[in-house]
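Small disclaimer: the values here were computed from a predicted structure and weren't measured.
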Amino acid sequence: RRLVPAHLASDKALRDTMLAAHPSAFSSDAVEGLSRSPESYRARLGLERPEGGEFTLGAWSGSGLAGAISCERDQRVKVRHIGHLIGMMVRDEVQGRGVGRLLLDACLAEERHAAGLLDRVVGVPDREPRKERDECRSGGNVEEQRRGAVGECLRARLRRLRLCDE
């Protein structure tokens, strides 16, 4: 489900844990992340983007946040059709149970409802084979185009996927 401002502290705690445990999996730095407040991630909720395409989704296990994924969208006219999938993370203790796959599927579904959002860019670090495997299952397979709504891959580790039916 979409995160709301009341979830920012939980999201920040998950983010700090994952950045510390898996520093090579993210472009953010754990030390830098610790210095940020939960409120500094508020823009990722997309509350001020009525056209959609900017959000953070969370997966809950019991009362705790087990995983999260965000989509960011530039406001510049020439590139606002591109969503950037960022910060996918799943707690170590629930990895391998399909949480990441559910987050990716929910993200793709949410993106398809955003006005004017046509492409998605996903960066997958070389050292995260599970993320790449899940991304490929979501339609970013290098060899094939799946489900008709998902398109071409630009590079082995960076994928740009069509979100509209052609």
ask   = Looking at E110 and R2, does any basic side-chain N land under 4.0 Å from a carboxylate oxygen?
value =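 Judged by the 4.0 Å cut-off on N to carboxylate O distance, E110 and R2 do form a salt bridge.
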key: Note: E54-R44 ion pair, threshold 4.0 Å (strictly below)   =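 No, no charged N to carboxylate O under 4.0 Å.
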So which heavy atom on [X] is nearest to which on [Y], and how close?
X: L104; Y: I69; answer: CD2-CD1, 3.7 Å
X: A114; Y: G53; answer: CB-N, 3.3 Å
X: T56; Y: A68; answer: CG2-CB, 4.4 Å
X: H113; Y: A109; answer: CD2-O, 3.0 Å
X: R73; Y: G52; answer: NH1-O, 2.8 Å

message = Can you confirm whether more than 12 heavy atoms, excluding those of E93, are under 6.0 Å from its CD atom?
response =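 For E93, atom CD is crowded (more than 12 foreign heavy atoms under 6.0 Å).
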Answer yes or no: is there a side-chain heavy-atom contact under 4.5 Å between [X] and [Y]?
X: Q75; Y: R80; value: no
X: L57; Y: L3; value: no
X: L14; Y: M89; value: yes
X: L85; Y: C71; value: no
X: L65; Y: D11; value: yes

ask   = V94 and M88: same hydrophobic cluster, using ILVMFWY side-chain contacts below 4.5 Å?
value =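 Yes, one cluster joins them.
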key: Those residues that, when tested against L47, pass side-chain contact (heavy atoms from CB on, under 4.5 Å) (two or more places apart)   =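 Partners of L47 under the side-chain contact (heavy atoms from CB on, under 4.5 Å) test: P5, R42, L45.
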request  = Would you please name every residue forming a side-chain contact (heavy atoms from CB on, under 4.5 Å) with L102, sequence neighbours left out?
outcome  =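 In terms of side-chain contact (heavy atoms from CB on, under 4.5 Å), with neighbours along the sequence ignored, L102 is linked to no residue.
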ask   = Would D74 and H84 count as having a side-chain donor-acceptor pair, cut-off 3.5 Å?
value =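 Result is no, nothing qualifies.
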key: Cation-pi check, R36 onto Y41 ring (under 6.0 Å, within 45° of axis)   =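 Checked: cation-pi criterion met.
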message = When you measure from the side chain of R1 to the backbone of G58, do you find a donor-acceptor pair of N or O atoms at a distance under 3.5 Å?
response =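 Not a single qualifying donor-acceptor pair exists.
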Flag, side chain of Q95 to backbone of V90, donor-acceptor distance under 3.5 Å =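 Present.
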key: Verdict with supporting geometry, L19 and E32, side-chain contact (heavy atoms from CB on, under 4.5 Å)   = CA-CA 10 Å; L19 285 173; E32 177 187 342; over 6 Å; no
Distance check, rounded to the nearest 0.5 Å: [X] atom [atom1] versus [Y] atom [atom2]?
X: M18; Y: D92; atom1: CE; atom2: CG; answer: 5.0 Å
X: R15; Y: F26; atom1: CZ; atom2: CZ; answer: 8.0 Å
X: E72; Y: I86; atom1: CD; atom2: CD1; answer: 3.0 Å

